[in-house]
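Some notes on the structure that comes next.
What you are looking at is a predicted structure, and each value in this text was computed from that prediction instead of being measured. So that the names make sense, note that chain A is the first sequence line, chain B the second, and so on, each numbered from 1.
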Amino acid sequence: MATERYNAPQREKHWQAVWETARKNQSGPDTGTENQGPKCYVLEMFPYPSGRIHMGHVRNYTMGDVFARYKKARGFNVLHPMGWDAFGMPAENAAIERNTHPGTWTYANIDAMKAQLKSLGFALDWDRELATCSPDYYRHQQKLFLDLLEKGLAYRKSAKVNWDPVDMTVLANEQVIDGRGWRSGALVEQRELTQWFFKITHYAEELLEALATLDKWPEKVRLMQANWIGRSDGLLVRWSLQNGTAPEGHKELQVYTTRPDTLFGASFMAVASDHPLAKAAAEKNPQLQAFCEECRRLGTSVADLETAEKKGFDTGIRAVHPLDADWTLPVYVANFVLMDYGTGAIFACPSGDQRDLDFARKYDLPVVPVILPPGADKDSFEITNEAYDGDGTMINSRFLDGLDTNAAFEEVASRLEKAKLDGKPVGERKVNFRLRDWGISRQRYWGCPIPIIHCETCGAMPVPEKDLPVKLPEDASFDKPGNPLERHPTWKNVDCPKCGKPARRETDTMDTFVDSSWYYARFTNPKAGVPIDKDAAAYWLPVDQYIGGIEHAILHLLYSRFFFRAISDSGHPVKNLREPFAALFTQGMVTHETYFQHDAEKKRVWFEPDKVRFEGDGKDRKAVTIDGGQPIEIGDIVKMSKSKKNVVDPDDIIAHYGADCARWFMLSDSPPERDVQWTDEGIAAAGRFIQRIWRLIDDAADKAAPVGEKPPSTFSPEAEALRRATHKALDQVGRNIEGLRFNVAVAQLYELSNAFSGALSKSGDGLAWTIRETAEIIVQMLAPMMPHLAEECWARLGYNTLVSKQPWPCADPGLLVDDTVTVAVQVNGKRRDELTIAASASNEEVEAAALNLDSVQRALDGRKPKKVIVVPKRIVNVVG
RNA sequence: GCGGACGUGGUGGAACCGGUAGACACACGGGACUUAAAAUCCCGAGGCUUAACCGCCGUGCGGGUUCGAGUCCCGCCGUCCGCACCA
């Protein structure tokens, strides 16, 4: 009887309905009851509800689902929730374009995407679903904000901010990429605005130190965060200003340096154009005034800053060298000195810093080498156009001469700590961080309102807790650019909660990264009346496996690490936990070839993959249009994106091949952390494998021993071999899923299927029993990856239970070790032969057998072996 | 410029702690089944040499350590990513 093809799309709907009925996609109430085992919290980064799932989501959520289902089968009590990162710009843009409300658009998208996720068969706990745009969620976020405010971890200040002129909003430093807004791509400008900030710098040291404890995070992400936090160890040094050269009231200049060892190489001082000393000096100097203005204008865009030539202006002020009262240096205003790092002032050592050197050459200032690189000759060493900023031996540095760089640092630091200027130490050790406080104000409607009321008398007053949530008004207008909350006729008019006088609401909303900084904690009990249910969070946190894109290496992950600490320290601690994500995995992107033609202006016009037909293969492979047969160029393989039209819609794939096929393909071939290339051949191969498994199991079901039959007492060699292959694969597949090496697990399942298919045509003692054993183990191993197919196969094998409810099978340790082993035989390190021998053979026996081989004798060519190395069960190397 | 990762057949990739390089899959070639095709099944395949065996070469390039190196060390080359006036 010919086997019917497995109709994946149809059967998948069936099994999804069965699961729904069985309520199997539940992790149970708050502390979980489904499994008695230890808890395991599996989380994938929740999606922005853009309207449709893309292949990147499919890959991300498939990995999480395989891991979650596997852990469940291993007896863990698993939490695997899903929600929506639902605030943000696109909803507002959609509102403008379609004349709908952002909420309407967002919730319609959520419905559509939820249906898509369900059609992929993910074992998600939908009872815990949350959307950050719901007042049920953001009311708690407002409470968290108020608690941070009370602790001084949220505050308001006027600051230069990154202004995105397209999105018309403020961006955090982390959200500016190559001088452009991370979402809009517009050139970012600098503007002075009063904004709300979170004091992430308060945790700079801790966030950096704790990276060392995150041993289940990728090294790469930890390094990126460490660089971002940017700790430097240095010295604050106070330089006195020479009498008569400095403006009234300016007696000293404080600089920050990480290289006090180079102090004798100092050649000038430089301050930022908005440094108080620069401003004071400019008052009486119109030319300097003009120069400062120029610097400020230049600084309007980050891109300009990066390309600007180094320029300076001599203020005429002179600073006294802290180690030599007779030595004075000129003070410049320089465009490359930043006011918001260190003290906004530096001393410059041109021989040891490229910027200082460029500046010194331009203005003809002295360049004195003070550090001799290791191996360089003292007499001939000189600095020409390249500064030397490495370590070495001190020269031209008086009492430091001969010391190494580190010793010189210490010597200068301790001298200056003891030295006094106006009764206070000249030098003070200081650790500086690159990290800045997180500006969270956004001039947008579709975000969490900041619960503050501004009163002319009382200032910025927190909204009383009883008045939370501060809800967004439904009737906002989106017809103009700018903030709809700002121009709403009534919403912002409220009375001051303290004095009762008319006041106005804060119209800024929070950066959406705040929303995603604590959602993982909310998932542990999303219906709690407080932001975080302490018991539920204590049970479930930390997240045991977090999975998402590398693009969040800094932004989301650093903010979450900070926010979790900040809320812990302001009344919402979860045990003593400081880190929310115990293990992190960053998956690669889904890529696809691109196809294009050039238009009349030489611009590329992109083609969807299904508009392209191919002719030939290998080097002769050509693309043509599907209708006209006109030539098309084949472009790079890049991340799927709408703009390049190289996207494949998951819905189309599910409808054609089924969800299991899409899932299987996303797990195959490429290591999960690397990019995977979507190809038609690849998805077709996955589809073939599904049919193959179905045929194999169908065939096996006919040949297998009945369910529950006792194991036979003897096994034929064929049966024995199949059992060994099966149990080895079981052992390996488990390990590889555990280690998220899905591509390797997939290969092992292919391999076992090949062996199984060969064994099905054989007969022998115990084979029928072994066929059942292997068939069941294959199905159970496939279950986390292709859950629908696995259920179908499980039923075909005679069960009316669900395979997704079965415990993970146990590999028989006795079948993992072989009686005989094949070892390679080398002569002088070159492989000459192989030897099959009892695993229990002694080294002497192996050696004798190896020397006995013709091939070994031939290779030795009459020489006596000098030495024989035997590595048990692996290799024999004859040296002769 | 600084920091990091990576480099294996025609392709994606595998190889535990230094121990048979190329598992598995794609593409390709040959065969079976078929009137034919699709589907399926079987076989082949790193390169050079050879009728075949044998042999030689082979994990970006050059050196080194080792009985033995894709794996460790040093120096190059290339690709990708992150950061970038941070004093």
Check your understanding: Does A:Arg692 place a side-chain N or O at less than 4.0 Å from the phosphate oxygens OP1/OP2 of B:C41?
Key -> yes
Using nucleotides 30-33 of chain B, report all nitrogen or oxygen pairs with the protein that are shorter than 3.5 Å.
none

Study note, to complete from the structure: Side-chain contact check for A:Ser232: nearest option of B:C24, B:G13, B:A87 is B:A87
Check your understanding: Of the nucleotides B:U40, B:A87, B:A14, which has the atom closest to the A:Thr257 side chain?
Key -> B:A87
Exercise for review: Mind jotting down which residue pairs meet the salt bridge (charged side-chain N to carboxylate O under 4.0 Å, His left out) criterion with at least one end in residues 220-229 of chain A? Sequence neighbours excluded, please.
Suggested key: A:Glu219-A:Arg222
Review point. Looking at A:Arg695, does any N or O in its side chain come under 4.0 Å of the phosphate oxygens OP1/OP2 on B:C41?
Key: yes
Exercise for review: Ignoring backbone atoms, test whether A:Arg674 places a side-chain nitrogen or oxygen under 4.0 Å from the OP1 or OP2 oxygen of B:C6.
Suggested key: no
Check your understanding: Looking at B:A87, B:G19, B:A14, which one has an atom nearest to any side-chain atom of A:Val744?
Key -> B:A14
Exercise for review: Check every strand shown and say whether A:Asn754 touches a base, only sugar-phosphate, or nothing at a heavy-atom separation below 4.0 Å.
Suggested key: sugar-phosphate
Practice item. Using a heavy-atom cut-off of under 4.0 Å over every strand shown, decide if A:Thr822 touches base, sugar-phosphate, or nothing. Key: base
Check your understanding: What pairs with A:Asn843 under side-chain hydrogen bond (donor to acceptor under 3.5 Å, both in side chains), at least two apart in sequence or on another chain?
Key -> none
Practice item. Have a look at A:Lys830 and say if it touches a base, only the backbone sugar-phosphate, or nothing, with a 4.0 Å heavy-atom cut-off. Key: sugar-phosphate
Exercise for review: Write out all pairs satisfying salt bridge (charged side-chain N to carboxylate O under 4.0 Å, His left out) with one or both partners inside residues 661-676 of chain A, taking only residues at least two apart or from two chains.
Suggested key: A:Asp65-A:Arg663
**Study point:** A:Arg858, nearest nucleotide to its side chain (from B:G12, B:G55, B:C85)
**Key:** B:G55
**Study point:** Residue A:Tyr750, side-chain heavy atoms: nucleotide from B:A87, B:C24, B:U20 that is nearest
**Key:** B:C24
**Study point:** Salt bridge flag under 4.0 Å for residues A:Arg858 and A:Asp854
**Key:** no
Review point. Rounding to the closest angstrom, what is the interatomic distance between B:C86 and B:A5 at atom P?
Key: 23 Å
Review point. With syn defined as a glycosidic torsion within 90 degrees of 0 and anti otherwise, which applies to B:G58?
Key: anti
Check your understanding: Which part of the nucleic acid, if any, lies within contact of A:Tyr256, taking any heavy atom under 4.0 Å across all strands shown: a base, the sugar-phosphate backbone alone, or nothing?
Key -> base
**Study point:** Contacts of type side-chain hydrogen bond (donor to acceptor under 3.5 Å, both in side chains), residue A:Asp358, not counting sequence neighbours
**Key:** A:Gln354
Check your understanding: If you draw a 6.0 Å radius around NZ in A:Lys873, do more than 12 non-hydrogen atoms from other residues or ligands fall strictly inside?
Key -> no
Check your understanding: Is it the case that more than 12 heavy atoms not belonging to A:Lys311 sit under 6.0 Å from its NZ atom?
Key -> no
Exercise for review: Give A:Asn743 one of three labels, base, sugar-phosphate or nothing, depending on what nucleic acid heavy atoms sit under 4.0 Å from its own.
Suggested key: sugar-phosphate
**Study point:** Exam field: side chain A:Asp437 to backbone A:Thr201, donor-acceptor pair closer than 3.5 Å
**Key:** yes
Exercise for review: Check every strand shown and say whether A:Val337 touches a base, only sugar-phosphate, or nothing at a heavy-atom separation below 4.0 Å.
Suggested key: base
Exercise for review: Identify which nucleotide among B:G55, B:G13, B:U20 has an atom closest to any side-chain atom of A:Ala824, counting heavy atoms from C-beta outward.
Suggested key: B:U20
Check your understanding: Which nucleotide in the set B:A84, B:A25, B:A87 lies at the smallest distance from any side-chain heavy atom of A:Leu338?
Key -> B:A87
Practice item. Dot-bracket for RNA chain B, please, read 5' to 3', with Watson-Crick or G-U wobble pairs under 3.5 Å on both distances, ( ) within the strand, [ ] crossing, | other strand, . unpaired. Key: (((((((..(((......[....))).(((((.......))))).(((......)))..(((((..]....))))))))))))....
Review point. How is A:Arg222 classified with respect to the nucleic acid when contacts are heavy atoms under 4.0 Å: base, sugar-phosphate, or nothing?
Key: nothing
Check your understanding: Quick one: on RNA chain B, does A:Val876 or A:Gly342 contact a more 5' nucleotide (nearest heavy atom)?
Key -> A:Val876
**Study point:** Distance test, side-chain N/O of A:Arg434 to OP1/OP2 of B:C2, below 4.0 Å
**Key:** no
Review point. How about A:Tyr332 and A:Phe359: are their ring centroids closer than 6.0 Å?
Key: yes
Residues 749-756 of chain A, side-chain donor-acceptor partners within the protein, below 3.5 Å, at least two apart:
unit_1, atom_1, unit_2, atom_2, d
A:Tyr750, OH, A:Trp664, NE1, 3.4
A:Ser753, OG, A:Leu749, O, 2.6
A:Asn754, OD1, A:Arg692, NH1, 3.1
A:Asn754, OD1, A:Arg692, NH2, 3.0

Check your understanding: Picking from B:G55, B:C26, B:G82, which would you name as closest to the side chain of A:Met224?
Key -> B:G82
Exercise for review: Not counting sequence neighbours, which residues clear side chain to side chain contact (heavy atoms under 4.5 Å, CB included) with A:Val333? List them please.
Suggested key: A:Val271, A:Ser273, A:Ala278, A:Leu288, A:Phe291, A:Cys292, A:Thr315
Review point. With sequence neighbours left out, what residues match A:Glu205 under side-chain hydrogen bond (donor to acceptor under 3.5 Å, both in side chains)?
Key: A:Arg231
Revision key, fill the gap. Contacts of A:Asp702 meeting side-chain hydrogen bond (donor to acceptor under 3.5 Å, both in side chains) (sequence neighbours excluded), chain-then-number -> A:Arg796
Exercise for review: Any side-chain hydrogen bond (donor to acceptor under 3.5 Å, both in side chains) involving residues 726-744 of chain A? Give me the pairs, sequence neighbours left out, ordered by first then second residue.
Suggested key: A:Tyr70-A:Glu738, A:Lys71-A:Glu738, A:Thr726-A:Thr774, A:His727-A:Glu773, A:Lys728-A:Asp818, A:Asp731-A:Arg735, A:Asn736-A:Arg741, A:Asn736-A:Gln748
List every contact pair, protein side and nucleotides 66-73 of chain B side both N or O, where the distance is under 3.5 Å.
unit_1, atom_1, unit_2, atom_2, d
B:C67, O2', A:Asn877, ND2, 3.0
B:C67, O2, A:Asn877, ND2, 2.6

Practice item. Could you work out the separation of B:G60 and B:G7 based on their P atoms and round it to a whole Å? Key: 8 Å
**Study point:** Syn/anti state of B:C53 by chi, 90° boundary around 0
**Key:** anti
Review point. Is the distance from OP1 or OP2 of B:C26 to the nearest side-chain N or O of A:Arg688 less than 4.0 Å?
Key: yes
Check your understanding: When all nucleic acid strands are considered with a 4.0 Å heavy-atom cut-off, which category describes A:Thr258: base, sugar-phosphate, or nothing?
Key -> sugar-phosphate
Point to revise | OP1 or OP2 of B:G3 under 4.0 Å from side-chain N/O of A:Lys220 | key: no
